[in-house]
Amino acid sequence: MEIVLATGNKDKVREMKAAFKGLKVKLLTSSYFKIFPKPRETGKTLEANALIKARALLKHTELASLSDDTGLEVAALNGKPGVYSSRYAGYGATYDDNCRKLLREMKDKSRRAASFRTVVALCLPDGREFTVSGKIGGVITRGRRGLKGFGYDPVFRPSGYEKSFAEMSLVQKNRISHRGRALKKARKLINALSKEK
Ligand code: ITT
């Protein structure tokens, strides 16, 4: 079975490859095809956007396509940045721009609760579509902590842990994270699908 990863984000690819290690599937990245047809993420939910991305790549490659849409929801900001997490500080914003804006918006807030949610969509050439999700709760830290990971990892500390995601190794983060949890379900699904005749 071949699966093409429908993401332009290298950091996600790294976590996906680690989570799917040992599976009997060949993982291809969309850059392999030199045509990442980055579709517009016009959906209002993570599910909708994950399906938009996987369907677009399936259409181009005719191969099973797996996407990831992730959002950080901050309670004191009424769920923002949510589906707009990648462009919180504007189109073309860097991870650093987004973290800076988040810390600024949260400066005077004592309520720091937040959660990450990931939806992984898998679309197959036979028309079947699957979505699985994973979530983790935590808090927005008062400043950046750690150099590992990516995105909002330096400003997010999962509940029950002393370290921010950016202070954890990739293996540690994948074990408990939103994406790690969604990919664990996706792994089971892919395993079952690869055994189909
Ligand atoms: P693709 O759509 O190509 O997959 P993207 O980076 O645009 O890549 P999203 O639309 O899912 O992906 O945007 C989510 C943003 O949230 C992403 O750019 C990061 O800034 C952040 N993010 C996603 N996963 C994260 C994680 O595990 N830790 C920290 N921040 C994360």
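Every number for a ligand or one of its atoms is a count from 1 in the order of the listing. Residues take their numbers from the sequence shown, with the count starting at 1.
Considering backbone and side-chain N/O of K53, one or more are found under 3.5 Å from N/O of ligand 1. Any N or O atom pair closer than 3.5 Å counts here, and D69 shares at least one such pair with ligand 1. Polar contact with ligand 1: present for G8 (N/O pair, distance under 3.5 Å). Remark: ligand 1 and N98 share no N or O pair separated by less than 3.5 Å (distance only, no angle test).
Considering only heavy atoms from C-beta on, Y152 stays 4.5 Å or farther from V74 through its side chain. Contact annotation: the side chain of K10 never approaches that of T29 to less than 4.5 Å [non-hydrogen atoms, C-beta and beyond]. Looking at heavy atoms from C-beta onward, K148 lies out of side-chain contact with L170 at the 4.5 angstrom threshold.
Only side-chain heavy atoms of F116 come within less than 4.0 Å of ligand 1; its backbone N, CA, C and O stay farther off. At a heavy-atom cutoff of 4.0 Å, ligand 1 is contacted by no atom of F156, backbone or side chain.
A donor-acceptor contact closer than 3.5 angstrom links the side chains of D68 and T70.
The pair K173-E15 meets the salt-bridge criterion, since a charged nitrogen lies less than 4.0 angstrom from a carboxylate oxygen. Under a 4.0 Å N-O distance rule, the pair K101/D97 does not qualify as a salt bridge. A salt bridge links E129 and R55; the closest N-O separation between the charged side-chain nitrogens and carboxylate oxygens is under 4.0 Å.
Ligand 1 places these atoms under 4.0 Å from at least one heavy atom of K173: 26 (C), 27 (O), 28 (N). The distance from ligand 1 to the heavy atoms of T7 drops below 4.0 Å at these ligand atoms: 1 (P), 3 (O), 4 (O), 8 (O). Using a 4.0 Å cut-off to heavy atoms of K38, the atoms of ligand 1 that qualify are 1 (P), 2 (O), 3 (O), 7 (O), 8 (O). Close contacts between ligand 1 and R179 involve ligand atoms 23 (C), 24 (N), 25 (C), 26 (C), 27 (O) [criterion: under 4.0 Å to a heavy atom]. Annotation for ligand 1: atoms under 4.0 Å from non-hydrogen atoms of D153 are 26 (C), 28 (N), 29 (C). The atoms of ligand 1 that sit less than 4.0 Å from any heavy atom of E41 are 2 (O), 10 (O). For ligand 1, the atoms sitting less than 4.0 Å from at least one non-hydrogen atom of N9 are 3 (O), 6 (O), 8 (O), numbered in the order shown with element in parentheses.
Ligand 1 has Y152 within reach: a non-hydrogen atom of the residue lies less than 4.0 Å from it.
For D11, the salt bridge (Lys or Arg N to Asp or Glu O under 4.0 Å) partners two or more places apart in sequence, or in a different chain, are R14.
Other residues, nucleotides and ligands contribute at most 12 non-hydrogen atoms within 6.0 Å of the NZ atom of K184.
For the pairing with F150, the ring pair (Phe, Tyr, Trp, His ring centres under 6.0 Å) check across Y95, F156, F165 returns one residue only, Y95.
Of all the listed residues (A89, S86, A50), S86 holds the heavy atom that lies closest to atom 13 (O) of ligand 1.
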